[in-house]
Amino acid sequence: MPIDLICLDADDTLWHNMRFFAAAEQAFADLVAPYADDTAARERMQAIEIRNLRHYGYGAKSFTLSMIETALELAGDDLPATSVRHILAIGRELLAHPVELLDGIGETLERLAALGRLVLVTKGDLLHQEVKLAASGLGQLFAGVEIVSDKRAETFVRVFQRYGCAPERAVMAGDSMRSDVLPALEAGAWGAYIPQPLAWAHEVATAPTDHPRFRQLARLAELPDWIDEIGGNR
């Protein structure tokens, strides 16, 4: 059955993202070193990040607020105002980092656009994601952009309905098993997992290796061939 709708994640699927967060997390761990060792600081930060998702959602701004909250929990009243200013500076750097496309993304998207309508389905801060897409120079290749608070099966059902596509004629590709692949499969679509080495632990989940609509790819450039395979063109 031919694929009509090709949904793609943005961060770490089209352009680098987690390496900037990793650098920010290291800077934060160094900052709070007087109050907690590296492992303890990172574990506390991760727990607070996950706890705050329902309040702040995903993205650099949420990450910055969680850094401040973590520092206050670790240092208490001993946390100086200069440390808060330093954390805010780390957050601003995250928001201002350059958009660096993964290798060959432009050519891959052109191939995919010839196979079906491209829709960007990404979560995070609305303004920041819009800025990154504009800076990427890829926006003209997409038939639609969906910036969502989270990715669940119902999220993908709404996306497929909005673009008038039956789930079995849609594919979602991204680097998160939890957010990109599993909910798309649950919604009835095809799911392509493209792992990357700096994946956030919160996004990790068990791969459904025996699922007939699942495929793990080494890179996005392999997706056009799989779409041809799904459509019976090879």
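For the atom pair CD1 of I3 and CG of L223, the computed distance is 9.0 Å after rounding to the nearest 0.5 Å. Between the CG atom of D12 and the CD atom of Q196 there is a distance of 4.0 Å, given to the nearest 0.5 Å. Distance check: E110 CD to L141 CG gives 6.0 Å after rounding to the nearest 0.5 Å. The line from CZ of R169 to CG of D4 is 4.0 Å long, rounded to the nearest 0.5 Å. To the nearest 0.5 Å, atom OG of residue S83 and atom CG of residue L74 are 11.5 Å apart. Taken to the nearest 0.5 Å, the CD atom of E69 stands 8.0 Å off from the NE2 atom of H55.
Taking each heavy atom of A205 and M177 in turn, the nearest pair found is O-CG, 3.5 Å. A24 and M67 make their closest contact through O-SD, 4.4 Å (heavy atoms, listed as atom of the first residue, atom of the second, distance). Among all heavy-atom pairs drawn from W15 and S136, the shortest one is CZ3-CB, 3.6 Å. The two residues L95 and A60 make their nearest non-hydrogen contact at CD2-CB, 3.7 Å. When every heavy atom of L5 is checked against every heavy atom of C165, the shortest pair comes out as CB-SG, 3.7 Å. Contact record, P195 with L217: CD-O, 3.5 Å, taken as the closest heavy-atom pair.
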Please evaluate residues E203 and S179 with respect to the criterion side chain to side chain donor-acceptor pair (under 3.5 Å), reporting the C-alpha separation (whole Å), side-chain torsions for both, the decisive distance (0.1 Å), and the verdict. CA-CA 7 Å; E203 298 295 337; S179 295; 2.6 Å; yes
Worked verdict on D11 versus Q129 for side-chain contact (heavy atoms from CB on, under 4.5 Å): CA-CA 9 Å; D11 293 335; Q129 294 299 88; 3.6 Å; yes
Worked check of side-chain contact (heavy atoms from CB on, under 4.5 Å) between N52 and L65: CA-CA 9 Å; N52 283 340; L65 290 171; 5.6 Å; no
Check against salt bridge (Lys or Arg N to Asp or Glu O under 4.0 Å), D225 and R111: CA-CA 10 Å; D225 287 340; R111 287 185 65 197; 3.4 Å; yes
Could you please spell out the steps behind the side-chain contact (heavy atoms from CB on, under 4.5 Å) verdict for L8 and L112? CA-CA 10 Å; L8 301 173; L112 289 170; 4.2 Å; yes
So S149 and K123, side chain to side chain donor-acceptor pair (under 3.5 Å) or not? Walk me through it. CA-CA 5 Å; S149 59; K123 63 186 180 184; over 6 Å; no
Could you walk me through whether Q161 and F156 pass the side-chain contact (heavy atoms from CB on, under 4.5 Å) test, one step at a time? CA-CA 8 Å; Q161 291 175 342; F156 287 103; over 6 Å; no
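Side-chain heavy atoms closer than 4.5 Å link hydrophobic residues (I, L, V, M, F, W, Y) into clusters, and following such links, possibly through other members, connects I50 to F21. Follow the hydrophobic side-chain contacts under 4.5 Å out from L115 and you never reach V119; the two are in separate clusters. Under the 4.5 Å side-chain heavy-atom criterion for grouping Ile, Leu, Val, Met, Phe, Trp and Tyr, F160 is not connected to I147 through any hydrophobic cluster.
Residues passing the side-chain contact (heavy atoms from CB on, under 4.5 Å) test with E43, sequence neighbours excluded: T39. Shown here are the side-chain contact (heavy atoms from CB on, under 4.5 Å) partners of T209, two or more places apart in sequence or in another chain: A207.
By the 4.0 Å N-to-carboxylate-O rule, E229 lies close enough to R215 to be salt-bridged with it. Ion pairing of E186 with R213 is absent here, as no side-chain N (NZ or NE/NH1/NH2) approaches a carboxylate O to less than 4.0 Å. We find that K132 and D125 are not joined by a salt bridge, their nearest charged nitrogen and carboxylate oxygen being 4.0 Å or further apart.
Panel note: side chain K151, backbone V121; a donor-acceptor pair is recorded below 3.5 Å. Between the W190 side chain and the M172 main chain, no donor and acceptor come within less than 3.5 Å of each other. Looking only at distances, no side-chain donor or acceptor of R44 sits under 3.5 Å from a matching main-chain atom of E73. Between the side chain of T108 and the backbone N or O of L220 there is no donor-acceptor pair closer than 3.5 Å. With hydrogens and angles disregarded, no donor-acceptor distance shorter than 3.5 Å links the side chain of S62 to the backbone of Y58.
The hydrophobic cluster around I48 extends to none of the other residues, as no ILVMFWY side-chain heavy atom falls under 4.5 Å of it.
Between D180 and Y193, the closest side-chain pair of non-hydrogen atoms is not below 4.5 Å. Put simply, the side chain of T122 does not reach to within 4.5 Å of the side chain of V148, judged on heavy atoms.
In this structure, H97 and H128 have perpendicular ring planes: the angle between them is above 60°, well past the 30° mark.
For CZ of R152, the number of neighbouring non-hydrogen atoms (other residues, nucleotides, ligands) closer than 6.0 Å is 12 at most.
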